[in-house]
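Chain letters run A, B, ... following the sequence lines, proteins first and then strands; every chain starts at 1. Values in this document were obtained by computation on a predicted structure and should not be read as measured data.
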Protein chains: 2
Amino acid sequence: MTNCDHTLCKTSALKEAERVCEQLGARFTDQRRNVFEILWQSHKAMTAADIMNEMTNKQPPITYRALEFLKKSGLIHHVTSLNAYVGCIHAKDPNHIGQLLICTNCHNIDEIEPKKAVSELIKAAKNQDFTPSLTHIEMLGICKTCNNATS
Amino acid sequence: MTNCDHTLCKTSALKEAERVCEQLGARFTDQRRNVFEILWQSHKAMTAADIMNEMTNKQPPITYRALEFLKKSGLIHHVTSLNAYVGCIHAKDPNHIGQLLICTNCHNIDEIEPKKAVSELIKAAKNQDFTPSLTHIEMLGICKTCNNATS
DNA sequence: AGTTTGCCTGTTAAAATTTAACACTTGCTA
DNA sequence: TAGCAAGTGTTAAATTTTAACAGGCAAACT
Ligand SMILES: [Zn+2]
Ligand SMILES: [Zn+2]
Ligand SMILES: [Zn+2]
Ligand SMILES: [Zn+2]
């Protein structure tokens with residue numbers, strides 16, 4: 001994501017969303033698109049309230065339902081440590097486990113797929129005879145851009 | 001934690017809490033102890049409301065302030081994916097990064113310290129020039145006991 | 001074409017969760 | 001013993017999330 005051509009980010013995310021919905025037999029309705037486009041204005045996490053403020057229809061149930069749908073469909077991530085949401089940049093792979101790098105300064109979020117780390121995490125879990133189904137990895141810290149700026 | 005002598009868990013956690021407070025120059029007051037002991041009744045996560053219900057003084061600010069303090073002091077973990085809290089079993093090491101194994105069946109939480117996985121996560125972050133300060137690792141799944149029970 | 005069906009929306013509230021503000025107390029210490 | 005910082009009690013309020021239910025809309029059947 002770092003130094004992205006964000007117009008490209010956004011259009012390809014939209015295309016992907018349409019594909020995913022099609023595949024799920026669900027509709028990419030106005031409300032869902034509205035939430036999705038608002039989230040994809042940037043790579044920053046937004047709270048439900050943030051999003052709601054920018055919606056055409058600002059009623060809570062509308063917003064929460066769309067968020068719920070997008071999350072279940074793997075198109076967005078719920079950033080639990082911020083209680084906020086961000087568009088997923090790996091939506092093509094519905095089974096990916098993302099490591100979210102959350103900059104506490106500029107609030108941008110990058111998402112990487114740390115295959116080796118994940119396999120270590122799963123190994124560690126299995127050592128305790130624990131069978132994981134859902135994994136959250138969130139790191140708060142300072143991103144490259146902000147690091148350079150403050151030095 | 002699995003198959004623990006929980007009386008032991010609890011007393012050693014209390015002793016540790018007293019030590020940590022002492023070291024921080026803070027007081028392990030009645031309210032803080034009340035929250036802490038309620039959490040340590042088990043290894044299950046409890047929401048703020050759950051805890052509040054069992055407090056001597058059931059007023060929200062009392063509960064939230066104690067939780068905030070205990071979290072900042074590293075004595076409990078905020079389980080962000082459940083928006084709930086659980087006692088930390090590695091409080092002796094204030095810099096540990098715990099991997100929470102959260103059983104969606106019995107709701108017990110185990111916490112392990114996956115050193116290798118963590119170093120891989122940090123390595124992956126640094127590859128993006130990201131400087132992490134706080135790391136959350138939470139896995140939802142089925143624990144050993146529940147796995148055995150359902151098979 | 002008309003009708004059923006299931007998904008999705010609109011709307012009205014209400015419940016649940018978290019925080020603000022401020023006066024007061026308590027234990028330390030200068 | 002007065003002053004200070006940490007911690008509490010109390011009253012509300014703000015924020016976040018959910019329930020409930022009537023209505024609309026698009027694909028699918030007859
Ligand atoms: Zn971008
Ligand atoms: Zn993702
Ligand atoms: Zn811990
Ligand atoms: Zn279990």
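Nearest to the side-chain atoms of A:Ile62 among the listed nucleotides C:dT11, D:dG7, D:dT10 stands C:dT11. Listed candidates were C:dC8, D:dG9, D:dG7. Nearest to the side chain of B:Gln31 is D:dG9. The side chain of B:Arg32 sits closest to D:dG7 out of C:dC8, D:dG7, C:dT11.
One atom, CZ of B:Arg27, and another, C1' of C:dT29, lie 14 Å apart when rounded to the nearest Å. Rounded to an integer number of Å, the gap from B:Lys58 NZ to C:dT18 P is 18 Å. C:dC8 atom C1' lies 16 Å from atom CZ of A:Arg33, rounded to whole Å. If you measure from atom CG of B:Leu24 to atom C1' of D:dG7, you get 15 Å, rounded to the nearest angstrom. B:Leu67 places its CG atom 13 Å from the P atom of C:dT17, with the value rounded to the nearest Å. Protein atom CG of A:Asn57 is 17 Å distant from nucleotide atom P of C:dC8, rounded to whole Å. Taking atom CD of residue B:Gln59 and atom C1' of nucleotide D:dG7, one finds them 14 Å apart after rounding to whole Å. Note: CZ (B:Phe69) to C1' (D:dT8) measures 14 Å, nearest angstrom.
A salt bridge does not link A:Arg19 with A:Glu22: none of the charged nitrogens is closer than 4.0 Å to a carboxylate oxygen. At a threshold of 4.0 Å, the pair B:Lys15-B:Glu18 does not count as salt-bridged, since none of the basic side-chain nitrogens sits closer than that to a carboxylate oxygen.
Look at A:Thr29 and you'll find a side-chain N or O under 4.0 angstrom from OP1 or OP2 of C:dT9.
How far CD1 of A:Ile122 is from OG1 of A:Thr135: 6.0 Å, rounded to the nearest 0.5 Å.
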**Message:** Protein within reach of the bases, or only the backbone? For nucleotides 14-23 of chain D, mark each nucleotide 5' to 3' as B, S or -, using heavy atoms under 4.0 Å.
**Reply:** --SBBBB---

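Not less than 6.0 angstrom separates the ring centroid of B:His107 from the ring centroid of B:His43. The distance between the ring centers of A:His77 and A:His136 does not fall below 6.0 angstrom.
With a 4.5 Å cut-off on side-chain heavy atoms, A:Val86 and A:Lys44 do not count as touching.
Counting non-hydrogen atoms under 4.0 angstrom, A:Asp30 reaches nothing in the nucleic acid.
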